[in-house]
2 protein chains.
Amino acid sequence: MSDPFRIVALLFPHVTQLDFTGPAQVFSKMPGAELHVAWHREEPVPTDAGFSILPTTTLEAAPQADVLFVPGGRGAFELLEDEVMLDFLRRQAAEARWITGVCTGSFLLGAAGLLRGRRATSHWGSLHLLERLGATPVAERVVRDDHVITAAGVSAGIDFALRLTAEIYGDDVAKRLQLQLEYDPEPPFDAGAPSRPDADDELANAQIASMTELRGDVVDRAAARLDAG
Amino acid sequence: MSDPFRIVALLFPHVTQLDFTGPAQVFSKMPGAELHVAWHREEPVPTDAGFSILPTTTLEAAPQADVLFVPGGRGAFELLEDEVMLDFLRRQAAEARWITGVCTGSFLLGAAGLLRGRRATSHWGSLHLLERLGATPVAERVVRDDHVITAAGVSAGIDFALRLTAEIYGDDVAKRLQLQLEYDPEPPFDAGAPSRPDADDELANAQIASMTELRGDVVDRAAARLDAG
C-alpha cells in the first residue's frame, strides 16, 4: 500500500452532496489515508443542498489517486462533455488501484470510457441509461467488476465505502469504522428502492421516464464522442 | 406551517461532517423548506474529514428556525462554554417548533439547558455523560420527547431526518424522500452498535472510558454553569 494512501474525489457544482459526504466520512477515517477533493478551481462549489463545499486541490494539481472516487447528482450531466474533466478521470484511472463512483457518478466514469464492458450500477432513476455508455447495468446496491466499484443512489455510498474499506484494510477495520459511524440503520419505511413494498411505483416509473427525457440526449452525445474517440 | 419552512443548522469547526450532511440532504428536499447554515462567521468551517463547508449565515443574522438542528463531533466539546453560541441556541429554541440534534450535538443542546428533564440520545461512546446535563440518556436510534428529537451517532441522522419529515409532512412525503435517497441500506457487517454481534466489545468499552477521560471535565463545567445560570 502506498504511504500515504490517497483518495482523490471529484467535486462539481450541483453534486448531490451526500453522494460525496457519505463516503468521505469513511474515507477520512481509513488508517493512513489522505482525502483530496478536486475541481477545476479551488473555489467554493455549490452543492444541491444549498451550501457550498471547498475543494482542497484542482484537477491539474491533484496527486495520483490510489482510489479515484466520483459522486453524482444533477451536475454530473452538465459535465458529460467536459473534456478537461474527462481527461482528468482517464489519467487518474490509468494508475489508480480502485476506480469508484456513487449514484450518477457512474455516468462520468462511463463518459470517460471507464465502464465499457463492465457491470456497473447507478441511481435507480437513471440506471437504464448506463447501457448507452457501454456498461452492463446491474440493479444491485454495490457492484464490483475487478477494480471498478459503483454504488446505487445517494445513501448507497456509505455501504460502498465500508465495503471498500474491507477490501483494502480487511474486515476488522471496516467493522471498527461501521461502529464509529454507528451505522446500524433503522429506515422509517421500507421504501428505499422501487422494488420495496412502501415505494410509490407510479412515482418511480414517472421518474425513470423523466430521466430519459431529461438526460437521454446528453448521454447519447457522450456515447457518440466515446465511439469517435 | 410557516412559509417558507426554515431549518437552521449550527455548523462549527471539527464537526463530524456526516452528522450535518446526512440530515441536510433530507432537509434540502423537504417541500418548501429553506436550509440555513449558521456559524459565528461566514467563513469556511473545517470539518473532521479534511474539507471545509461554507456557512450561509451567522449566529446573529440567522432567521428564526422552525427546526433548530445541531450536529456533533469533536468540535462540539470545544464549544460547551461558548456563551454566544449557547445564547443563540436558547434564543432559537424558545420559538422553534422542533429542537433537534444528532450524535454529540445533544451535548450542545444540553449545555444550553434544553435537555433538562428530557429523554435524549447521543453517540454510544458519549451517551453516559449526557445525564450530567440533566437529561435521561436513552440508548435508542432516534428519541423524541415532545418537540425535542435527538439521534444516536453520525449515520443515525439520516433516520432522524426522515422521521422528522414524516412528522412534519406526513408519511407519503417521507417515503418519497427515502426513495429519492435510495435509502435501502445494506451495511456490510452487523457491527453498527456496541450491542451488535460483529462489534468489538473491548474497543467499545475502551472508547466509552476514553470519552469520560477526555470529555468528562468539560461536561461537568458546562453542568456547573447551567446550575449557576
Side-chain angles (χ1 to χ4, degrees), chain A residues 11 16-18 21-22 24-25 27-29 34-37 44 48-56 103 123-125 141-142 152-156 158-159 162-163 166 171-172 174-176 178-194 196 198-200 203-204 207, chain B residues 16-18 20-22 24-25 27-29 34-37 44 48-56 103 123-125 141-142 152-156 158-159 162-163 166 171-172 174-176 178-194 196 198-200 203-204 207:
Chain A
L11 193 69
T16 295
Q17 60 87 21
L18 187 56
T21 54
Q25 193 63 40
F27 295 155
S28 69
K29 301 300 181 280
E34 271 182 3
L35 173 61
H36 299 264
V37 185
D48 71 325
F51 61 85
S52 295
I53 294 176
L54 275 168
T56 64
C103 195
H123 190 284
W124 58 263
R141 194 144 174 95
V142 180
V154 201
S155 61
I158 299 173
D159 298 319
L162 288 168
R163 282 183 54 176
D171 288 1
D172 284 352
K175 287 176 188 171
R176 175 150 59 80
Q178 189 177 332
L179 178 60
Q180 213 49 54
L181 290 181
E182 204 159 349
Y183 188 48
D184 186 28
E186 290 182 17
F189 305 102
D190 193 0
R196 295 301 184 181
D198 294 345
D200 182 334
L203 183 81
Q207 172 156 349
Chain B
T16 295
Q17 60 86 20
L18 188 55
F20 162 70
T21 54
Q25 194 63 39
F27 295 156
S28 70
K29 301 298 180 280
E34 270 182 3
L35 173 61
H36 299 264
V37 185
D48 72 323
F51 61 84
S52 295
I53 294 176
L54 274 168
T56 64
C103 196
H123 190 283
W124 58 263
R141 194 144 174 95
V142 180
V154 201
S155 61
I158 299 172
D159 298 319
L162 288 169
R163 282 184 53 176
D171 288 1
D172 283 352
K175 287 176 190 172
R176 176 151 58 81
Q178 190 178 331
L179 179 59
Q180 213 50 54
L181 290 181
E182 204 159 347
Y183 188 47
D184 187 28
E186 289 182 17
F189 304 102
D190 193 1
R196 295 301 184 182
D198 294 345
D200 181 336
L203 183 81
Q207 172 156 351

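All heavy atoms count here, side chains included; hydrogens, waters and symmetry mates do not. Chain letters run A, B, ... following the sequence lines, proteins first, then strands; residues in each count from 1. Predicted model, so just to flag it, every value in this text is computed and none were measured.
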At a heavy-atom distance under 4.5 Å, which candidate from [options] has the highest pair count against chain A?
options: B/S155, B/S28, B/G125; value: B/S155
options: B/D200, B/D198, B/T56; value: B/D198
options: B/V142, B/V37, B/D171, B/I158; value: B/D171
options: B/A174, B/G153, B/P55; value: B/G153
options: B/R176, B/Q180, B/H36, B/K29; value: B/Q180

Using a cut-off of under 4.5 Å for heavy-atom pairs, which of A/L18, A/I53, A/L11 has the most such pairs with chain B?
A/L18

Output the option from A/G50, A/A193, A/P194 having the highest count of non-hydrogen pairs under 4.5 Å with chain B.
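Max contact count across the listed options: A/A193.
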
Looking only at heavy atoms, what is the nearest atom pair of [X] and [Y], with distance?
X: B/R163; Y: A/P188; answer: CG-CB, 3.8 Å
X: B/A204; Y: A/L179; answer: CB-CD2, 4.3 Å
X: B/A49; Y: A/A24; answer: CB-O, 4.2 Å

Expected output: side-chain B/Q178 to main-chain A/P187 donor-acceptor under 3.5 Å:
no

Keeping B/S52 on the side-chain end and A/L54 on the backbone end, is there a donor-acceptor pair under 3.5 Å?
no

Could you list all the salt bridge (charged side-chain N to carboxylate O under 4.0 Å, His left out) pairs where at least one residue sits in residues 181-193 of chain A, not counting sequence neighbours?
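Listed by first then second residue: A/D184-B/R196, A/D190-A/R196.
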
Does B/F189 reach the side chain of A/L162, with side-chain heavy atoms less than 4.5 Å apart?
no

So, do A/F51 and B/T21 sit near enough that their side-chain heavy atoms are less than 4.5 Å apart?
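Result yes, sub-4.5 Å side-chain heavy-atom pair found.
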
With B/T16 via side-chain contact (heavy atoms from CB on, under 4.5 Å) - residues at least two apart
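Applying side-chain contact (heavy atoms from CB on, under 4.5 Å) to B/T16 gives A/Q25, B/D19, B/D48, B/V154.
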
A/E34 versus chain B, the contacting section by heavy-atom distance below 4.5 Å:
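For A/E34, no heavy atom lies under 4.5 Å from chain B.
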
Side chain from CB out, backbone as N, CA, C, O: work out which of these in B/F20 comes under 4.5 Å of a heavy atom of chain A, or both, or neither.
side chain

